[in-house]
Amino acid sequence: MYQWRKFEFFEEKLAGRCTIPEEIREKKIQCCSSGRGKVVIGCDDGSVNLLDRGLKFSYGFQAHSSSVSFLQQLKQRNFLVTVGEDVQVAPQHSAMCLKVFDLDKIEPEGSSATSPECIGILRIFTNQFPEAKITSFLVLEEAPPILLIAIGLDNGCIYCIKGDIARERINRFKHQVDISNKNQTSITGLGFRVDGQALQLFAVTPDSVSLFSLHSQPPKGQTLDHIGCGVNGVTMSDRSELIIGRPEAVYFYEVDGRGPCWAFEGEKKLVGWFRGYLLCVIADQRNNKNTFNVYDLKNRLIAHSLVVKNVSHMLCEWGSIILIMDDQSALCIGEKDMESKLDMLFKKNLYTIAINLVQSQQADAAATAEVLRKYGDHLYSKQDYDEAMAQYIHTIGHLEPSYVIQKFLDAQRIYNLTNYLENLHEKGLASKDHTTLLLNCYTKLKDVNKLNVFIKNEDGAGEHKFDVETAIRVCRAANYHEHAMYVARRERKHEWYLKILLEDLGRYDEALQYIASLEPSQAGVTIKEYGKILIAHKPRETIDILMKLCTEDGESLKERASNGTYLFMLPSPVDFLNIFIHHPQSLMEFLEKYTNKVKDSPAQVEINNTLLELYLSNDLNFPSMSQVSNGRNISLERSGATLMPAESNTKLSTEYTDRMKDKDRLERQEKGLRLLKSGWPSELENPLYDVDLVIILCEMNAFREGLMYLYEKMKLYKEVIACYMQTHDHEGLIACCKRLGDSGKGGDPSLWADLLKYFGELGEDCSKEVKEVLTYVERDDILPPIIVIQTLSRNPCLTLSVIKDYIARKLEQESKMIEEDRRAIEKYQEDTLAMRKEIEDLRTNARIFQLSKCTTCTFTLDLPAVHFMCMHSFHQRCLGDNEKECPECAPEYRKVVEMKRSLEQNKDQDQFFQQVKSSKDGFSVIAQYFGKGIISKTSNGTVNATNPENPSSTNGF
C-alpha cells in the first residue's frame, strides 16, 4: 500500500477558526453526533451542547443528571436520542435511561436557559433485560414515529427496542452473539443494513463479526467472521457494507461474509466513511504519531494524509470532516473542487488517474469528455496516435468531431481516422460529411471488406447509422456501383438505383425489370424521370410497361379499384408525353396501342390532339433513316442486291429515304383523316379533339382533306369552297357546290354566287364551268341577271356567247312576268273601282238585305235577326253576346288589325325583315305589307315609334 500515490485532494477549512467553544472546554466530551446541519456534543456532566456551522456554540441543555454516554442526531426528524445516567429512583432500578428530545420544540427554563422538549424517557434495563455496561449504541429511523434502537453490551448481548417511544408503545427483544472467548465479549460496533423489506443488523466484537436477520421471527443470527476489532474501529459504507479496522488491514463485509480487504498497516484508532472515501486515523508505533488518511479505494490513491494529535471523535457534517482531539481542539477538512483536483493531476500528466477520478465521482459526461480530450491531446503530442485515438473515441457525443478529424486528416493516419469515423457512425452521431469521409477512407484504402461490413451489415430493423443518400453518392463516385445499388435497393431509393443502372452501367433490361417490380405509383414516378433514356434504348419494352401502368393490366391497381372509378385511378398517357420528346414514332405507337385498348379514357381529347399532331406533321422523325448509315442501304444489302459504287449508292439511299418518308406521311395522313372522322361522330355535338388546334395543324401541314372535312362539319361552307379555289380544282369546286349549295338539303345557295364571282375574277377561259354554274344560278334564281353580267364582265377571257342563252332565257322570263304584272294591275284597278263604288253606295244609298238563311246555322232567317254591311245575316240567338261584328269577317279583319298594331308596337319587325331577307323577291313582301295597310302610315311619329334607332325601319323604305 505504500506504493499508492498521495495527493492533496482535501484542504483544511476555517483555518485557525475551527475550535471547540469555550462553553464546552471545561467539560469532558463523552460522545458526539452530527446531522441536520448541527454537531451535538454530550459531556460528562450530563449536558448536551449544539454547535452550528464553524463549530459556533448554539445552545446547551441538561439532558441527564450525571453523564451522557451515547447520543445520536436523527436525520429524518429533528430528534435527538441520548443514553446517560440519571438519579436512581429506587435501588432495584438502574440509573441508565434513554431519552428522546424534539429539538424543534424549545421549552423555557427560567429566564436565561432553554432546553428542547423531552418527548420520551425509557429505562434501558429491566428484570428481563438485566443491567450491563453499554459499549455501543445505534438508532435506525423506520417509518415515523417508529424507531429501532440497538444497544450493545459488554456481555455480548444486544438489547433492541422498537416502537413509538413517545407513546411508550414499544417492543423489546435481544440477541446474543456467539462467544468463543469469554474475555472478548463486548459489542464494539453495530451497523444496520436495509435491503428492501429485509432488515439486518451487523454486530462486531473483538474476535467476531455476526449478522442478525431482524425481519424473521424469531430473529436468526450467523457468524460471518472470527476476527473483530475494538471500539471506534467500526463504520458503515454508503453501500451498506460493514467496515472494520484492524492493525493489519481494513475489512469489508457483505451479508454473505468477508468482502475486499485493504492492507493498511497500523492501529486503526478511528474508522469512518465520507462520500466514497475511507477515513482512517492510524497510530504509528514507530514514532508515536497519529496519521489521518483519506483513501480513494476505487482509484487506489491516498486523497489526503495529515499528521494529527490524538483524535477522540470523528464527524462528517457541512460537507467536511471534523476531527475533535483529546485536548478539545478541532480540525475541519474539506474536499477540494473537481477542477482544482484535475488541474493538480494535469500538471503531473496523471491523466489516467484524472479519468478514473471523474468517473468514480460520477462527474457529468461533459467533464469526463474534457479530461479524455486533454489526455488524447497529450498522447497525440507524444505521437502515440493509436492510444490518443482510443481516448478521442470515448469523447464521442461531447467533443466536436471536427476537432479530432482535423488532427488525423494526414494520409499516414487514415487508419486512426477510419476507426474514429466508424465509432461515430456506430453511435449514430455521424453527419452526411462524416459518412462521405468514412467511405472515402474505405475507397482510398481499397478495403472492400470493411466497406461491405459498413454497407451490408444493417439488414435488421432499426434506424441506419449513416446517411443513405450520402453513402450512395460516394460509392457511385468511387465506382463502387454494386455497393451503391445495394444500399439504394435496400432503402427503396428507386431514383438512385435507376440512375446508376441507366447512366453509369447502361443495364437497360435490368432497369426495366426493376421498374416493373415496383408499385404502380412509384413505377409511374420513375418512368417520368428516366423514361427518355429508356425510350431511346428500349422503346418497345418501355411502351409495354407504360401500357401496364395505364391500362387494366396493372393487377395491383385492379385489386384496389372498383369498376366505377378504375379509369380515374390509373395514370393518364398524357402524363408520360414528355419522355417521348425526341421519339415521336414511339409516342405514336404508344398512343395507338392505348386508344385501341381503352375506348373511354378521361384524357381522350388530349390523346387525340397528340395523335393528330403526329399524324399531320410533315417533319416526323422517320425510323427508316436509322437503317441508312454511312452511305449503305441495309435493306438492299439484306435483299441480296448488287452493291453499286459509293456515289450511286448514296444517291439511291437518298431516293429510297425520300420515297419512304412520302409513303409514311401519306399513311399518317390517312390515319389522321380516319381519326378526324371517328372522333366526331354524327351523334356528338362537339368532337373528341380540339377543333381549333386541328385546323391550325391542317393549315400548317397543308392537309387539305382534313381541313375541308372540319369546315364541312362546322358548316363553314364558304371556307370549304375556298380550299378548292386555292388549288384551282374547278371540277371539285363545282361538285362541292352541288353538294353544299342545295337549299332543299339544308345547303347554302349563296355558294353559287361566290363561285360565279370566283370565275369572274379568275382571268382565264372557264366558259364550260361558267355555263354549268349559270344553270344552277338560274334554277334557284340566286342572282339577278344584271349582277351576273357585272360579275362575269371582270373576266376578259369570257365572251358574250357564254351568257347569251342565259340572258335570252331571262329576258323572255322577265317579259312574261311583266305581262302578268300588267294584267294583275288592270285587275287590281278594276277591283279598286268596284270597291270605291261600293263604298260610295254604302254612304249614300240604303242597303237591301235579301238573304233568307242564317249564315251560321243555314236555317230560314226569322226574327229577331241581325244584318251586317258585309251582307251576312244571322239569327240573334246564333250571335250570342257579340252583335257588333260579323263572325265570318271578324277573324280576317282582326288578324290584319293585330299585325298592324304589332308592327306599330315594334313586335313583328324582326319577322318582317326576316321575310324580306329570305324571300326571292323582297319587294313583293313590302308591297304585301303596304297592301294590308300595316305600314301605310307615313307620319313621323308612327314610323319612328316602331324603332327610332333601327336604320332598317319602314321609314327607310
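Keep in mind that the numbers below use all heavy atoms, side chains included, and drop hydrogens, waters and symmetry copies.
Nearest heavy-atom pair, L616 versus G672, reported as atom, atom and distance to 0.1 Å: CD2-CA, 4.5 Å. Across all their heavy atoms, Y420 and P401 have their closest contact at OH-CA, 3.3 Å. Scanning both residues, I393 and K427, for their nearest heavy atoms gives O-NZ, 3.6 Å. Minimum interatomic distance between A603 and V574 (heavy atoms only, all atoms of both residues): CB-CG2, 3.8 Å. Scanning both residues, L591 and P573, for their nearest heavy atoms gives CD2-CB, 4.0 Å. Summarising the geometry of N578 relative to K528, their closest heavy-atom pair is ND2-O, 4.1 Å, with the distance given to 0.1 Å.
L688 contributes atom CG, which lies 10.0 Å from atom CG of N609 (distance to the nearest 0.5 angstrom). Atom CG of L673 and atom CE of M708 lie 9.5 Å apart (nearest 0.5 Å). Taking OH from Y530 and CD1 from I527, the interatomic distance works out to 11.5 Å, rounded to the nearest 0.5 Å. Between the CD1 atom in I533 and the CG atom in L501 there is a gap of 11.0 Å [rounded to 0.5 Å]. The structure places CE of M547 at 13.5 Å from OG1 of T542, a figure rounded to the nearest 0.5 Å. The structure places CG of L372 at 10.5 Å from CG of L379, a figure rounded to the nearest 0.5 Å.
The existence of a salt bridge linking D664 and R668 is confirmed by a sub-4.0 Å separation between a basic side-chain nitrogen and an acidic carboxylate oxygen. A salt bridge links R373 to D377: one of the charged nitrogens lies within less than 4.0 Å of a carboxylate oxygen. Under a 4.0 Å N-O distance rule, the pair K671/E592 qualifies as a salt bridge.
The side-chain heavy atoms of F590 and C550, taken from C-beta on, include a pair separated by under 4.5 Å. In this structure, the side chains of M588 and Q585 come closer than 4.5 Å at one or more pairs of heavy atoms. Contact check for L421 versus I405: side-chain heavy atoms found under the 4.5 Å cut-off. Residues Q522 and H494 have side chains in contact (heavy-atom distance under 4.5 Å, counting atoms from C-beta outward). Put simply, the side chain of Y508 does not reach to within 4.5 Å of the side chain of E541, judged on heavy atoms. Residues I579 and L546 are in side-chain contact: their nearest non-hydrogen atoms beyond the backbone lie under 4.5 Å apart. Taking the side chain as every heavy atom from C-beta outward, L612 and L693 never approach each other to under 4.5 Å. The closest side-chain heavy-atom distance from D386 to R413 is not below 4.5 Å.
For the pair K407 and Y403, the distance from NZ or CZ to the six-membered ring centre is under 6.0 Å and the angle to the ring normal is within 45 degrees. Relative to the ring axis of Y514, R507 does not place its NZ or CZ within 45° and under 6.0 Å from the centre.
More than 12 non-hydrogen atoms from other residues, nucleotides or ligands lie less than 6.0 angstrom from NZ of K599. The 12-atom threshold is exceeded at NZ of K713, counting heavy atoms of other residues, nucleotides or ligands nearer than 6.0 Å. Around atom CD of E613, no more than 12 heavy atoms belonging to other residues, nucleotides or ligands sit under 6.0 Å away.
Side chain to side chain, N608 and Q604 meet the donor-acceptor criterion of an N or O pair below 3.5 Å. Side-chain atoms of H398 and T395 include no donor-acceptor pair closer than 3.5 Å.
Residues meeting the salt bridge (Lys or Arg N to Asp or Glu O under 4.0 Å) test with K718, sequence neighbours left out: D754.
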Legend entry - side-chain contact (heavy atoms from CB on, under 4.5 Å) assessment of M714 paired with I695: CA-CA 11 Å; M714 297 169 68; I695 288 176; 3.8 Å; yes
Legend entry - Derivation and outcome, side-chain contact (heavy atoms from CB on, under 4.5 Å), residues K374 and N349: CA-CA 10 Å; K374 290 185 177 182; N349 291 330; over 6 Å; no
Inset, instruction - Just do the side-chain contact (heavy atoms from CB on, under 4.5 Å) check on H394 and Q391 with the steps written out, would you? - result: CA-CA 5 Å; H394 291 304; Q391 304 307 318; 4.3 Å; yes
Legend entry - R704 vs D729, side-chain contact (heavy atoms from CB on, under 4.5 Å): CA-CA, chis, key distance, verdict: CA-CA 12 Å; R704 193 183 68 169; D729 184 3; 4.1 Å; yes
Inset, instruction - Please step through side-chain hydrogen bond (donor to acceptor under 3.5 Å, both in side chains) for the pair S340 and D337, ending with a clear verdict. - result: CA-CA 6 Å; S340 300; D337 59 82; 3.0 Å; yes
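Between the side chain of S601 and the main chain of V598, no donor-acceptor pair closer than 3.5 Å is present. Not one N or O on the side chain of N419 forms a donor-acceptor pair closer than 3.5 Å with the backbone of Y415. Counting only distance, with no hydrogens or angles, the side chain of N416 and the backbone of M389 share no donor-acceptor pair below 3.5 Å. Looking at N356, its side chain never comes within 3.5 Å of a backbone N or O of N299 through a donor-acceptor pair. A donor-acceptor contact shorter than 3.5 Å is absent between the side chain of H537 and the backbone of L534.
Pairs passing the ring-ring contact (aromatic ring centres under 6.0 Å, His included) check and including a residue from residues 689-714, sequence neighbours excluded, do not occur. Pairs passing the ring-ring contact (aromatic ring centres under 6.0 Å, His included) check and including a residue from residues 368-388, sequence neighbours excluded, read Y351-Y375, Y351-H378, Y380-Y385, Y380-F408.
Checking each of N701, I696, V694 against C698 for a side chain to side chain contact (heavy atoms under 4.5 Å, CB included) leaves exactly one that passes, namely V694.
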